[in-house]
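What follows is one structure encoded as structure tokens, with my remarks underneath.
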Amino acid sequence: MSAPALTPVVVRLKLSLLRNGLRQSGGRKAAYIASAVLALLFAALQLLGLIALRGHAHVESLAVLAVAVLGLGWAVMPLFFPGGDETLDPTRLVMLPLRPRPLVRALLTASLVGIGPLFTLCLLVGSVVAVARGGAAFAVGVVAVALALLVCVAFARAVAAANVRLLTSRKGRDLAVLSGLVIAVGAQVVNFGAQRLGSAGLGELDPVANVLQWVPPASAIGAVHAVGEGSYGLAAVQLALTAGALVALLAVWSRHLTRLMTSPDGSTLPTAETAARQRSSTGLGRLLPSGRTGTAMERSLRYVWRDPKTKAAWVTSLAIGLIVPVFNAWQGTGSVYIACFAAGMLGIQMYNQFGQDTSAFWMVAMTISSRRDAYVELRARALALLLITLPYATLVTVVTTAMLGDWRRLPEALGLSFALLGAMLATGAWTSARFPYSIPQEGYKNVAPGQTGLAWISIFGGMIAAAVLCAPVIALTIWLNVSAEGDDWTWLLLPVGTLYGAAITVLGLRLAAPQTARRLPEILGAVSKG
């Protein structure tokens, strides 16, 4: 009796996993249906929009760029959303007597089942309809759509297979939190690009599209446009590039599958040399003060480097704090004062300091027996934050000023940034003691259920209070700029803002220390709920 074909079995397995996952809870089913409806609606609007642009002089550039971005999205999707498709983990099949090539065919077919492939298909079809001219172009478009879709899916599978040991580990799943950075940065890039296109038109995309039309899967759309222009040789080369990319991706995928099926998992076992080097590394400790201050600073900095959620928050703040001022300056619509945005983004990291420790805060709480202990602990956390924020805020301000060429206002912008940073450190220390909340260690949530109100009060209430505390420096800046003789004294805003920020930070830490020492049991209970 011959064994059943593998491909139908794997496709049925994919459908069973999807169906059983939706049966787990009504909330999961509702979330899936809502996301499916939104994705398909967006896909339909994109399809109609591309069809409406048919005949536009530069529509091929838009289509090529859209397909290139789509291919990039498929490549990074497994890295940021490893739990989105359980069949992305081929190690679940490692005990079965399966050969790599039949398994590749079966998994590739199963990958075509889902919302993502349907969304991709709609975009590819819309791109072909938008750029095709004549029957030959539409005929090539059918092949181009199939090849581009398979390249996207194979790209995702090859990336997932190459990183499956990381993606299926706890630390790898925590890295998915960094998807927030990609979304935040991507939103700023899209916003900037939309503004440029709105003022200059689709012709701005031509230089980029001329390069991307040789990069699969966008080269498939370039082939359709080339056929419509009568360049059959060029179209053949671009189609060959897409087909070659598909073959190469399948080969890479097959090789990684073979390795996964036959090799033991040693990815999480460090070598003896690496472990010894990590144990003997004390470079960070040597640069910090001695005693409790240095210990607490080192702990905070290690959280930034090692804890996935803390790292994600810092990386996102660093990226957005630079992108917003620089993009506004690049467009010529910004001001040097918008550089204060960097200090504001990084100052947020002072909020909910104890919640970042999660349940491990009990070890810190055991060492706090007086207001002095609480003050030293808060001061050390603020100093650790300042090691990053002060040079970074200065760098962003200088870069923004250089791009705008308004060097006369550099002292003002720096003074305001330092004052704002000091105010946020002060309010962040106080709200950390007064409104602590828990940050779940697993998953994508940053606030434990039932504590959303505390988070809103802590962050947004603290930010409003920081803005009020900065009012004297802001008022002085306005007065010097409107005064007839004030231009000669605006340089004073740098030392004034620096001293004011330092003074308000010390005052905030001293006011927060008694709250921290007195409310240790409540803080410990609040941050341990996740």
Side-chain angles (χ1 to χ4, degrees), residues 76 79-80 170-189 283-284 287-288 296-327 339-358 360-361 364 377-397 399 417-418 420-429 431-432 436-447 455 458-460 462-463 466 505 527 530:
V76 302
L79 299 177
F80 292 121
R170 183 192 65 82
K171 192 171 285 189
R173 288 193 297 269
D174 289 342
L175 288 177
V177 179
L178 290 174
S179 59
L181 170 63
V182 176
I183 295 173
V185 174
Q188 294 296 327
V189 173
L284 179 62
L287 300 176
L288 299 177
M297 289 179 66
E298 184 173 2
R299 183 199 330 120
S300 297
L301 294 173
R302 289 190 183 277
Y303 277 155
V304 174
W305 182 252
R306 293 182 177 180
D307 181 64
K309 288 200 172 182
T310 305
K311 182 188 293 187
W314 270 95
V315 172
T316 302
S317 296
L318 290 169
I320 302 302
L322 176 65
I323 288 173
V324 171
V326 168
F327 272 24
C340 297
F341 188 81
M345 287 295 298
L346 295 183
I348 293 175
Q349 304 307 315
M350 188 64 188
Y351 292 83
N352 196 34
Q353 275 292 309
F354 306 128
Q356 296 176 13
D357 295 357
T358 62
F361 177 68
V364 178
E377 176 69 26
L378 288 169
R379 185 185 63 185
R381 292 173 183 250
L383 288 174
L385 191 144
L386 285 172
L387 284 179
I388 303 174
T389 55
L390 273 180
Y392 183 80
T394 303
L395 175 64
V396 172
T397 306
V399 169
S417 293
F418 295 157
L420 175 61
L421 183 58
M424 297 197 74
L425 290 177
T427 56
T431 57
S432 293
Y437 57 91
S438 178
I439 301 176
Q441 297 183 21
E442 302 291 340
Y444 300 95
K445 293 183 178 179
N446 290 319
V447 182
S458 175
I459 297 176
F460 290 98
M463 291 171 64
T505 299
V527 303

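The structure presented is a predicted model; accordingly, all values stated were derived computationally and were not measured. Values below: all heavy atoms of this structure, side chains included; hydrogens, waters and symmetry mates excluded.
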| Which atom of Pro325 lies closest to which atom of Ile320, heavy atoms considered | CD-O, 4.1 Å

| Gap separating the CG atom of Leu390 from the CZ atom of Phe418, nearest 0.5 angstrom | 5.5 Å

| Would you say the side-chain atoms of Gln356 pair up with the backbone N or O of Ser300, donor to acceptor, closer than 3.5 Å? | no

| Criterion side chain to side chain contact (heavy atoms under 4.5 Å, CB included) on Leu387 and Met297, from CA distance to verdict | CA-CA 10 Å; Leu387 284 179; Met297 289 179 66; 3.6 Å; yes

| request: Mind listing the closest non-hydrogen atom pair of Met345 and Ser317 along with its distance? | output: O-OG, 3.4 Å

| Euclidean distance, Thr431 OG1 relative to Phe460 CZ, rounded to 0.5 Å | 12.5 Å

| Given the rule in the side chain to side chain contact (heavy atoms under 4.5 Å, CB included) test, do Arg381 and Tyr303 qualify, once you have shown the distances and angles that lead to the verdict? | CA-CA 11 Å; Arg381 292 173 183 250; Tyr303 277 155; 5.7 Å; no

| message | According to salt bridge (charged side-chain N to carboxylate O under 4.0 Å, His left out), who are the partners of Arg379, at least two apart in sequence or on a separate chain? | response | none

| message | Can you tell me how far apart CD (Gln353) and CG (Leu425) are? Round to the nearest 0.5 Å. | response | 9.0 Å

| field | Thr427 side chain vs Met463 backbone, donor-acceptor pair below 3.5 Å | value | no

| message | Determine whether Val399 and Val326 satisfy the following criterion, side chain to side chain contact (heavy atoms under 4.5 Å, CB included), listing intermediate values before the conclusion. | response | CA-CA 8 Å; Val399 169; Val326 168; 4.1 Å; yes

| Interatomic distance, Leu346 atom CG to Ile388 atom CD1 [nearest 0.5 angstrom] | 8.0 Å

| request: Measure across Tyr392 and Gly321 and return the closest heavy-atom pair with its distance rounded to 0.1 Å. | output: OH-C, 3.9 Å

| said: If you apply the rule side chain to side chain contact (heavy atoms under 4.5 Å, CB included), what do you find for Leu385 with Trp314, and how did you get there? | reply: CA-CA 10 Å; Leu385 191 144; Trp314 270 95; 3.8 Å; yes

| query | If you take all heavy atoms of Ala343 and Met424, which pair is closest and at what distance? | reply | O-SD, 4.2 Å

| Reported CG-to-OG1 distance for the pair Leu378 and Thr505, which is rounded to 0.5 angstrom | 12.0 Å

| remark: Looking only at heavy atoms, the pair that brings Val304 and Thr310 closest together is CA-CG2, 3.8 Å

| note | Closest non-hydrogen atoms of Ser432 and Pro436, given as atom of the first, atom of the second and distance, are O-CB, 3.5 Å

| Rounded distance (nearest 0.5 Å) linking atom OG1 of Thr389 with atom CD1 of Ile348 | 12.5 Å

| task | Mark yes or no for whether Tyr351, through its side chain, and Gly462, through its backbone, hold a donor-acceptor pair below 3.5 Å. | result | yes

